[in-house]
There are 2 protein chains.
Amino acid sequence: MSLSPREVEPRHPVRIVVQRTGLSADLLRAWEKRYQVVKPHRSPGGQRYYSDIDVNRLRLLQRAVRAGRAISRIAGLSIDELERLVREDDEQGIQREATPATDVAAGAPELFLSNALIATEQLDARALENTLRQAAMRLSADHLLDEVISPLLFTIGSLWHAGRLRPTNEHLATQVIRRVLGWITEVGTSDPRAPAILVATPSGQNHELGAMLVAATASQYGWRVLYLGANLPSDDIAAAAVQARADVVALSIVFPTDDSALPGELLRLKKALPPGVAITVGGSGASSYKSAFEAVGAQYLPGLGQLRRWLRNSHPTPV
Amino acid sequence: MSLSPREVEPRHPVRIVVQRTGLSADLLRAWEKRYQVVKPHRSPGGQRYYSDIDVNRLRLLQRAVRAGRAISRIAGLSIDELERLVREDDEQGIQREATPATDVAAGAPELFLSNALIATEQLDARALENTLRQAAMRLSADHLLDEVISPLLFTIGSLWHAGRLRPTNEHLATQVIRRVLGWITEVGTSDPRAPAILVATPSGQNHELGAMLVAATASQYGWRVLYLGANLPSDDIAAAAVQARADVVALSIVFPTDDSALPGELLRLKKALPPGVAITVGGSGASSYKSAFEAVGAQYLPGLGQLRRWLRNSHPTPV
DNA sequence: GTGATATAGACAACAGTTGGACAGCTGTTG
DNA sequence: CAACAGCTGTCCAACTGTTGTCTATATCAC
């Protein structure tokens with residue numbers, strides 16, 4: 001394995017590393033001072049900058065410590081040795097030490113995030129679900145989505161792209177996140193007078209987690225949510241919107257970002273919908289189709305923040 | 001057998017040994033003091049560190065003790081002698097008796113089914129979920145799966161084929177059924193000693209509900225279930241099976257029924273799995289690949305009934 | 001200037017060690 | 001059969017080692 005310059009370049013200031021590892025800044029410095037676990041590059045002013053390799057190393061150390069290793073004993077190990085050790089502990093551990101139990105006291109989103117990542121890596125669905133459930137209890141739904149689930153999805157996505165995560169891990173995480181999001185959505189109103197939003201993903205779009213985030217958010221804001229999942233033809237979306245008397249149709253677009261059929265689909269949707277029904281579009285891949293949105297008067301809402309504001313304005317019923 | 005440096009190196013602090021052996025820290029020290037069962041290395045600060053060999057020895061001792069041996073008598077035995085002893089005791093051990101699953105009084109499955117269908121047609125997620133939840137309360141899990149959910153899936157599938165149901169309806173039902181099945185599966189064991197089954201769908205197979213039925217069933221029968229969802233490459237399935245120490249890999253095959261790549265995938269899976277791990281295959285589309293199953297020694301189980309029988313025979317664990 | 005980050009040292013919480021006590025059993029002995 | 005002694009797992013108290021966090025103060029970057 002050769003190192004790409006990207007990986008050795010010291011690019012990450014401390015706060016990023018905190019976010020990605022779940023270790024506190026204090027602890028990072030303590031480990032560095034006491035055990036020389038990493039030697040981050042220093043800016044002229046003395047600020048630390050960590051490379052991808054450093055971050056990776058820290059994550060491995062953290063996992064090993066979590067598994068019961070003493071930091072003093074493992075600090076000197078190479079990445080390879082650490083990987084072997086972590087793997088061994090994952091496989092040999094008779095009973096998974098209850099990670100959540102120790103974390104109950106802490107309410108920091110980063111901790112939930114890093115626990116969730118570790119559970120994902122260990123293919124431990126139960127631990128992952130427990131972590132997210134705890135996070136759900138401790139954080140507001142908005143914070144849960146913004147600071148745990150969204151970053152988790154993002155990180156899993158990038159780890160997966162980098163080849164550091166197998167599809168199995170990604171599937172498992174999808175599975176569990178789906179359940180947790182469903183749980184959030186489920187709590188929502190059944191009040192038939194509440195405004196209704198239909199959430200789906202247009203034809204060709206297979207990533208449904210973004211749509212689930214939308215559904216969960218809307219449900220939090222008092223909307224009646226009709227969640228239909230991924231990859232639906234415009235006509236069917238429109239028919240369902242009519243049948244359920246939806247006020248809004250929300251679409252999530254992630255990938256692909258160059259589907260030439262999509263603008264046409266949007267147009268068909270617009271035509272098939274009753275005049276009063278609004279269309280909103282969001283998701284990380286939505287920006288590529290901006291002009292198509294304008295053509296049908298769809299509201300482009302990148303990010304959950306914008307979505308929230310829009311939901312609030314368009315129907316001011318906070319929960 | 002030569003000893004690698006890895007095995008004699010004192011790498012494990014007590015916590016790890018406790019995890020791996022199930023013995024308490026107190027007991028470890030008591031055994032050491034009284035019978036010198038092991039002589040762990042000491043750190044400068046006096047902390048104990050155990051080698052792989054120590055851990056192995058302790059495991060054997062623990063098994064022998066659990067089988068009824070007196071620690072004082074076996075403390076001095078060599079590893080070889082201990083292994084022989086443990087094997088002997090295992091063979092003499094009494095078989096656990098299988099308890100047949102109890103049948104709960106059956107309600108009226110047809111009524112649930114028709115209500116569920118109506119809710120599906122009306123795009124009423126809440127009503128559908130309530131119906132299934134009621135059915136789950138009233139029927140045994142087996143009956144729920146056999147007489148409500150399976151027929152519901154089948155009916156929805158055929159209505160959809162006949163053009164009498166829109167994809168929206170199907171998606172909505174999928175959504176809800178997924179949640180209900182997840183709920184059944186979730187209740188399952190977390191006992192790490194329970195036999196483990198990995199459930200997934202091979203590459204190219206996108207219908208995951210069959211797999212979810214398998215997962216729910218196995219969980220009912222006391223198995224530890226690792227559910228990974230649809231469309232996974234063999235290599236990843238195998239890797240996950242190793243990591244989770246699965247005893248069985250269960251695949252569900254629905255559509256397509258003429259994927260020429262599938263036999264090859266099965267072969268790769270078989271090769272990548274450890275020898276002891278069984279493969280089972282089921283699902284409505286599985287019959288098309290029978291010869292491929294034979295080639296890899298996979299168990300062909302059409303229908304949940306066969307699956308249940310197989311699960312029971314292969315590991316008679318009462319629930 | 002303000003908010004983030006740096007250092008050094010203090011500190012509290014926790015984990016691990018030792019020696020000893022103790023209670024539940026088991027098998028032996030009078 | 002009762003008393004006894006040995007075995008065995010657990011618990012405790014007092015102490016030490018290890019580790020994460022906190023404080024005070026200074027510096028950096030925008």
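All values below were derived from every heavy atom in this structure, side-chain atoms included, with hydrogens, water molecules and symmetry-related copies excluded. Not measured: the values here are computed from a predicted model. Below, read A as the first sequence line, B as the second, and so on, with proteins coming before strands; counting in each chain starts at 1.
- Taking atom CZ on R73(A) and atom P on dG17(D), their separation rounds to 15 Å, with Å as the unit.
- Note: CD1 (I71(A)) to P (dG20(D)) measures 7 Å, nearest angstrom.
- One interatomic measurement links the two molecules: CD of E32(B) to P of dG19(C), which rounds to 11 Å at whole-angstrom precision.
- Within the structure, every side-chain polar atom (N or O) of S72(B) is placed at least 4.0 Å from both OP1 and OP2 of dG6(D).
- Rounding to whole angstrom units, CG of residue L27(B) and C1' of dT17(C) are separated by 16 Å.
- When the side-chain nitrogen and oxygen atoms of S24(A) are compared with OP1 and OP2 of dT21(D), one or more of them lie within a distance under 4.0 Å.
- Atoms OH (Y49(A)) and P (dA4(C)) sit 14 Å apart, rounded to a whole Å.
- If you check every strand for non-hydrogen atoms under 4.0 Å, A70(A) touches sugar and phosphate atoms only.
- In terms of the salt bridge (charged side-chain N to carboxylate O under 4.0 Å, His left out) criterion, E170(A) has no residue partners (sequence neighbours excluded).
- Nearest-nucleotide positions on DNA chain D place R34(B) closer to the 5' end than the other of R34(B) and Q47(B).
- The distance between atom NZ of K33(A) and atom C1' of dT19(D), rounded to the nearest whole Å, is 13 Å.
- Taking NE2 of H12(B) as the reference point, atom CG of L58(B) lies at 11.0 Å (rounded to 0.5 Å).
- Set against dT10(D), dT5(C), dT17(C), the side chain of A30(B) has dT10(D) as its closest nucleotide.
- Considering all non-hydrogen atoms of both residues, A194(B) and G222(B) come closest at CB-O, 3.5 Å.
- Between Y35(B) and G45(A), the residue anchored nearer the 5' end of DNA chain D, judged by the nucleotide with its closest heavy atom, is Y35(B).
- The CZ atom of R48(B) sits 11 Å away from the P atom of dG16(C) (whole-angstrom rounding).
- Residue S43(A) places no side-chain N or O under 4.0 Å from the OP1 or OP2 atom of dC28(D).
- At the heavy-atom level, V18(A) lies nowhere under 4.0 Å from the strands shown.
- A cation-pi arrangement, defined by a distance under 6.0 Å to the six-membered ring centre and an angle within 45 degrees of its axis, is present between R73(A) and Y49(B).
- Rounded to the nearest 0.5 Å, atoms CD1 (I177(A)) and CG (L213(A)) are 8.5 Å apart.
- For R29(B) against dG9(D), a side-chain-to-base donor-acceptor contact under 3.5 Å is absent.
- OP1 and OP2 of dT19(D) both lie 4.0 Å or more from every side-chain N or O belonging to W31(A).
- Side-chain nitrogen and oxygen atoms of R15(B) include none within less than 4.0 Å of the OP1 or OP2 phosphate oxygen of dA15(C).
- Comparing dT21(D), dA6(C), dT10(D) by their nearest atom to the side chain of D26(A) picks out dT21(D).
- To the nearest angstrom, C1' of dA6(C) lies 8 Å from CZ of R42(A).
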